[in-house]
Amino acid sequence: MRPTPHKTFAALVVAALAAVLLPVAPAVAAPSAPSAPAACTPAQVVTNGGFESGTSPWTQSSSTVITSRTGQTAHGGTSFAWLDGVGSTHTDTLSQSVTVPAGCSSATLTFWLHIDTAETTSSTAYDKLTAKIGSTTLATYSNLNKATGYVQKSFDVSSFAGQTVTVAFTGTEDSSLKTSFVLDDIALNTSGGTTPPADSTRTPASPSYTVSLSSNTAGTVWTGHESATFTNASSTPLTEVYLRLWDNYHGTCSAMPIAVSNVTGGTAGALSVACTALQVALPTPLAQGQSTTIGFDLAITVPSGADRFGHDGAFSMIGNALPVLAVKDGSGWHLDPYTNNGEAFYSLASDFKVTLDHPSTLLVPATGASVDTAGSSGRTITTATASKVRDFAWAAGPFAKISGTSTAGTPINIYSVSGISSANAQSMLTTAKSAVDAHAGRFGAYPYGELDAVIDNNFWFGGMEYPGFVLDLVSTTALTHEIGHQWFYGIVGDDEYNSPWLDEAFTDYATDLAQGLSGTNCWNNVSWASTAEKITNSMAYWDTHSSRYSTVVYGYGKCALHDLRRLLGDTVMAKLLKDYATSHWYGVSTTAEFKAAAQAATTTNLSSFWTTHRIDG
């Protein structure tokens, strides 16, 4: 989240504070970092997968394969690869050599494919497209696979880790009746694995949510069913779980916006924490390593207001509305209260499959990769799937939409409410493409497929992050910040209520780097309000000192990271953060773990640095 001046963020740079300069550890020559064990650095290894940067480094059979000519449309942006579509004996090819990093246990090739044809047969494959990696054929498609719009294809290519191979597509047509094979947004994402780092103290582990909802005409009421499958990672048997109904903060216990009923797989108990936590007692204790499923009917009523959960006229924003499992760790169950000042959310990497049935007049951007299919008369079914995300959000409304693809191959969609000019929407698309690649280059490839941004200048909070989905004002800095949260909070998780600096300070630091800012004069006009004020304070503290939250957590927090960079040196700091992201990919970060990682990167004792910068933990 990036607060607006309403939240006193502007005070960071302009408030007339007492000029008490923070002592900073003197700059010293950074020693060489100790060598770290080899690990996969998450990466997206296809270059120019959206064809928006010309033809390089693709090899094409003719200059007309990569194109933006009329007759077909791009999945994102303006360019695409069009194979065949001639109507006579013809072959087109498209290929690129890629290196799949060694040490990566996960490598996934994805591409978006549209097929249309003049063939009338329902049984004979006359025209074909073959997708290969190296000498391995991944799939063959034909005129029989024709479909309206693009469909995303996905293949596990982990076996090619450590190899340089060619990704190739070959389209062949017979002597009559044309078939067009249209490709766009090709990517090959690698990571160290899809399983979060093991920590037996955090449970329920590996949640998987399946949701099916249908909306009213306006998209403000959604009803249906949700189920959650999970495993007990702890050596202590689980006798209960808790569902967080976060958006009940926006109503009352007598009129709850999030209503759960007809619970199966457990017994619903008492609501607590202002009706934002629902206890579900399990029928029998769940031992370590065992899995179970609970299910329930769900009703969501979106209140009026331009909020992260609210509707701004015809445009509904639906963040934190799906019930998710609370986390139990070494401190017990985390049942912290909702905070409107920042975030209280703490959840483990989860899988979601969400089906949203809605009027076709509404566009529905959402977390994950979405596919639209025809529903009943006048309705569309949007099916969104997302892997290893911490929660799921969507919006619904008659948005204006523009799309593009970043240079590194991430498809980006900008959804604008009424009143956002086309020039501003285009500016936000340009910002998003630049930001996602800048952050990916520093911390590891963006793993969530497409990225959706909803732009509304009526948001009081500035911006808000969800996996693969952000809400924002027309603001280059704010959008760069929210996209940075895809890494810090999204990929590298944290307990946002008890350690807000781990996502906000790190994201503001990443925003500075993406915008070419070095933090010079970062500590001008700084003062601490009291000896109790620390960068690492929890939201319990900041909710009673709300005017200081942005100044300290965002501002002083990023300044501390700039100071650490100056102390360690740019190269060591860059490696520290990238290695730290890799080792916590889909896991949870703590202040103690980050401090240990930083100390391991230098021979300089950092104890005084943490004390001076008020970083406890």
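As a basis for the values below, the full set of heavy atoms in this structure was taken, side chains included, without hydrogen atoms, waters or symmetry mates. Owing to the predicted nature of the structure, the values given are computational and were not obtained by experimental measurement.
- Checking Y209 against D391 by side-chain atom types alone, no donor-acceptor pair falls below 3.5 Å.
- Contact annotation: the side chain of L567 approaches that of F609 to within less than 4.5 Å [non-hydrogen atoms, C-beta and beyond].
- Note: M573 CE to L564 CG = 4.0 Å, rounded to the nearest 0.5 Å.
- For the side-chain hydrogen bond (donor to acceptor under 3.5 Å, both in side chains) with W501, the qualifying choice from D508, T591, T536, N537 is T591, the only one to do so.
- Annotation: salt bridge (Lys or Arg N to Asp or Glu O under 4.0 Å) contacts of K534 (sequence neighbours excluded): D616.
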Atom pairs and distances, donor-acceptor, side-chain atoms in residues 417-428, under 3.5 Å, two or more places apart:
unit_1, atom_1, unit_2, atom_2, d
S421, OG, N424, N, 3.0
S421, OG, N424, ND2, 3.3

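- Every pair tested for salt bridge (Lys or Arg N to Asp or Glu O under 4.0 Å) that includes a residue from residues 435-449 fails, sequence neighbours excluded, so the list is empty.
- Considering all non-hydrogen atoms of both residues, G368 and A386 come closest at CA-CB, 3.8 Å.
- For E52, the salt bridge (Lys or Arg N to Asp or Glu O under 4.0 Å) criterion is met by no residue, not counting sequence neighbours.
- Every residue two or more places apart in sequence or in another chain that forms a salt bridge (Lys or Arg N to Asp or Glu O under 4.0 Å) with R308 is listed here: E343.
- The CG atom of D503 lies 4.0 Å from the CG atom of D494; values are rounded to the nearest 0.5 Å.
- Taking the six-membered ring for Trp and the full ring otherwise, the centers of Y556 and W528 sit less than 6.0 Å from each other.
- Between the NE2 atom of H439 and the OG atom of S434 there is a distance of 8.5 Å, given to the nearest 0.5 Å.
- Proximity of N605 to Q599: side-chain heavy atoms (C-beta onward) are separated by under 4.5 Å at one or more points.
- A side-chain donor-acceptor contact under 3.5 Å links R244 and T276.
- Residues N341 and T339 have side chains that never bring a donor and an acceptor to within less than 3.5 angstrom of each other.
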What pairs of donor and acceptor atoms, side-chain ones from residues 311-326 against any protein atom, are under 3.5 angstrom apart with sequence neighbours left out?
unit_1, atom_1, unit_2, atom_2, d
H311, ND1, G313, O, 3.0
D312, OD2, N458, ND2, 2.9
S316, OG, G219, O, 3.3
N320, OD1, Y466, OH, 2.6

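- In this view, H334 and Y346 satisfy the ring-ring contact (aromatic ring centres under 6.0 Å, His included) rule, not counting sequence neighbours.
- When side chains are defined from C-beta on, T612 does not count as touching D563, because their heavy atoms never get closer than 4.5 Å.
- Among pairs with a residue in residues 510-530, those fulfilling salt bridge (Lys or Arg N to Asp or Glu O under 4.0 Å) read D512-K558, at least two apart in sequence or across chains.
- Using modelled atom types and a 3.5 Å distance limit, the side chains of T201 and D329 yield no donor-acceptor pair.
- In this structure, the side chain to side chain contact (heavy atoms under 4.5 Å, CB included) partners of S538, at least two apart in sequence or on a different chain, are N498, A540.
- Shown here are the salt bridge (Lys or Arg N to Asp or Glu O under 4.0 Å) partners of D336, two or more places apart in sequence or in another chain: there are none.
- Note: F459 CZ to M1 CE = 11.0 Å, rounded to the nearest 0.5 Å.
- The aromatic ring centres of Y448 and F469 sit 6.0 Å or more apart.
- Side-chain contact between R390 and V588 is present, with at least one heavy-atom pair separated by less than 4.5 Å.
- Taking the ring-ring contact (aromatic ring centres under 6.0 Å, His included) definition, one finds that F594 meets it with F506, Y580, sequence neighbours left out.
- In this structure H481 satisfies the ring-ring contact (aromatic ring centres under 6.0 Å, His included) test together with H485, Y554, sequence neighbours excluded.
- Taking CG from L561 and CG from L513, the interatomic distance works out to 9.5 Å, rounded to the nearest 0.5 Å.
- Between V492 and F443 the shortest side-chain heavy-atom distance does not fall below 4.5 Å.
- In this structure, I402 CD1 and I455 CD1 are separated by 9.5 Å, a value rounded to the nearest 0.5 Å.
- Between H250 and Y338, the ring planes lie perpendicular to each other; the angle is over 60°, past the 30° to 60° tilted range.
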